[in-house]
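The structure under discussion appears below in the form of structure tokens.
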2 protein chains.
Amino acid sequence: MESKKHQNFNRRHVRESGSARPSLTREGIVRAALKIMDEDGYESLSMRRLGAKLNVDPMAVYYHFPNKSALLDGVVELVMGGIDLSCDDPTQTVEERLCVAAHYYREALLAHPQAVQITAVRSLNTPASLRPVEYLLEILLGTGISHTDSLAFVNIFARFVRGMVLLEIRQMTDTDSLAQEDCTLKSLGDSLPTDEFPLLHKVMENGCFIGEEAEFERGARALIHGLLDEFANKEQAGDQDVK
Amino acid sequence: MESKKHQNFNRRHVRESGSARPSLTREGIVRAALKIMDEDGYESLSMRRLGAKLNVDPMAVYYHFPNKSALLDGVVELVMGGIDLSCDDPTQTVEERLCVAAHYYREALLAHPQAVQITAVRSLNTPASLRPVEYLLEILLGTGISHTDSLAFVNIFARFVRGMVLLEIRQMTDTDSLAQEDCTLKSLGDSLPTDEFPLLHKVMENGCFIGEEAEFERGARALIHGLLDEFANKEQAGDQDVK
DNA sequence: ACCTGAACACCGTTCAAGT
DNA sequence: ACCTGAACACCGTTCAAGT
């Protein structure tokens, strides 16, 4: 059902006539949309503006996408497709491999902070989003962790990375509207009811902040370590499920 | 500066004349806004609809809030104010106390899933959001963890909880539009390119999913354990910063 | 098959005006 | 001090029409 008009990634019979008419492609539209977000923020993407950027009537996009929501799904796919875990080195320890994966996962998301913001509110049960998950599953199952535990692990792991990055981006866009030289710190401390948050103030007032990346890496390492610990102990206790 | 008109939480000289005119309160407006979100989703909150719910001209709200964004900040404050960590039991181990805190943190957020969605995209450097953070800091500093490490710990911890819950809510609203009897699983599996995700399919097809709450609790425990491990080792290595 | 353009029902916000 | 109501500049989307 569902009007297969919108299913195909339109390679039409236009292509072989040279590049006479670039016309409109699903991919071209999505890239333009992403570009608008990257440049001016996710909230300034409108169908009308998109049409302008593509030198086309705003409504032309509706031939290729049923609505704006579908277009945004396309943008999400494009961004999530940028996650590349192929640098994985199977000779390393599992812990190390997962840490590296977390690192590149984050890096890919940080390439398009504005677009990542919209993922907070959109479905992530999509091929490009699940490809890294499938890959991580392979690593975990390879170590003898049970199906049940691997699924839990991978869910927790992927949410950790996405959630962490999402909120890092939030903080980013909060603070770079003010003094961005001192990372995230004084900007916050100043606007805070000093007497109700004595500890926060004490802890922030002399460069205690280790930086976003270091913080992420520490968190990732701790989580991975903790999960491996827990599951490793469980498996040797012998409660494997269906192999 | 900043027009103190919008600063006070308007207790005006109206109150002592009995409840003759309830008129409009900042709090009343915010509660109404939250209610609309709870009932019909965050995206169906509009100034016009809010006015209707309050039996008032839509523009009346603009006397109490400079714009919709400020109103949403109010909603966020209301929801974050619902986080209550006072059930903390200092006689327990730190690990246990933090796990309990994570549990109630999550619980409070899950009370208003729709409103939590908007926090993904709004500043969280706000009193109600930081109050739990301040409290957690107290726990951590009390164990002798350094300032630097406590700050990192608390940042990671708070982001973990928020991010986790945020993405849990996303998944929730994705899946309850379809078959909601089997938790999160088949609904996903069906719409998935079966051949590209063999492991995901294998792992999901017989009830391997342990449930959202269990998953969260496991993740939280693993993270907390991992962080305590790392920092405990560090402190005894002697690199304390200013006490 | 692919794009246009007018039209519709909504937004958030401003501002002068009412009480 | 607090609320109203018209008006403005935007939205996303539908639909009949053009090529």
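Reminder, nothing fancy here: chain letters follow the sequence lines and each chain counts from 1.
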When the side chains of residues 109-116 of chain B are checked against the rest of the protein, which donor-acceptor pairs come out under 3.5 Å, sequence neighbours left out?
residue: His112(B); atom: ND1; partner: Asp38(B); partner atom: OD1; Å: 3.2
residue: His112(B); atom: ND1; partner: Asp38(B); partner atom: OD2; Å: 2.8
residue: Gln114(B); atom: OE1; partner: Tyr42(B); partner atom: N; Å: 2.9

Report task. Would you check if Phe209(A) and Leu151(B) make a side-chain contact, meaning some heavy-atom pair closer than 4.5 Å? Result -> yes

Query raised in the report: In B/S/- notation, 5' to 3', how is nucleotides 8-19 of chain C contacted by protein heavy atoms closer than 4.0 Å?
Result: ---BBBB-----

**Report entry** Whole angstrom value for the distance that separates P of dC3(D) from CG of Asn55(B)
**Finding:** 13 Å

Query - Spacing of Asn125(B) atom CG and Leu200(A) atom CG [to the nearest 0.5 Å] - result: 10.0 Å

**Report entry** Glu215(B) side chain reached by Glu168(B) side chain, heavy atoms, under 4.5 Å
**Finding:** no

Report summary line: Residues Leu50(A) and Ala33(A): closest non-hydrogen pair is CD1-N, 3.7 Å

Report task. Determine whether Met80(A) and Pro132(A) make a side-chain contact, defined as any pair of heavy atoms from C-beta on separated by less than 4.5 Å. Result -> no

Query raised in the report: Could you write out DNA chain D as a dot-bracket string, with dots for unpaired bases, | for bases paired across to another strand, and Watson-Crick or G-U pairs counted at under 3.5 Å?
Result: ||.|||||...|||||.||

Report task. For dC3(D), take OP1 and OP2 only and decide whether either is under 4.0 Å from a side-chain N or O of His64(B). Result -> yes

Query raised in the report: Minimum heavy-atom separation for Ser129(A) to Arg162(A), with atom names?
Result: O-NH2, 3.4 Å

Report task. Using a strict cut-off of less than 4.0 Å between a Lys/Arg side-chain nitrogen and an Asp/Glu carboxylate oxygen, indicate whether Glu77(A) and Arg131(A) qualify as a salt bridge. Result -> no

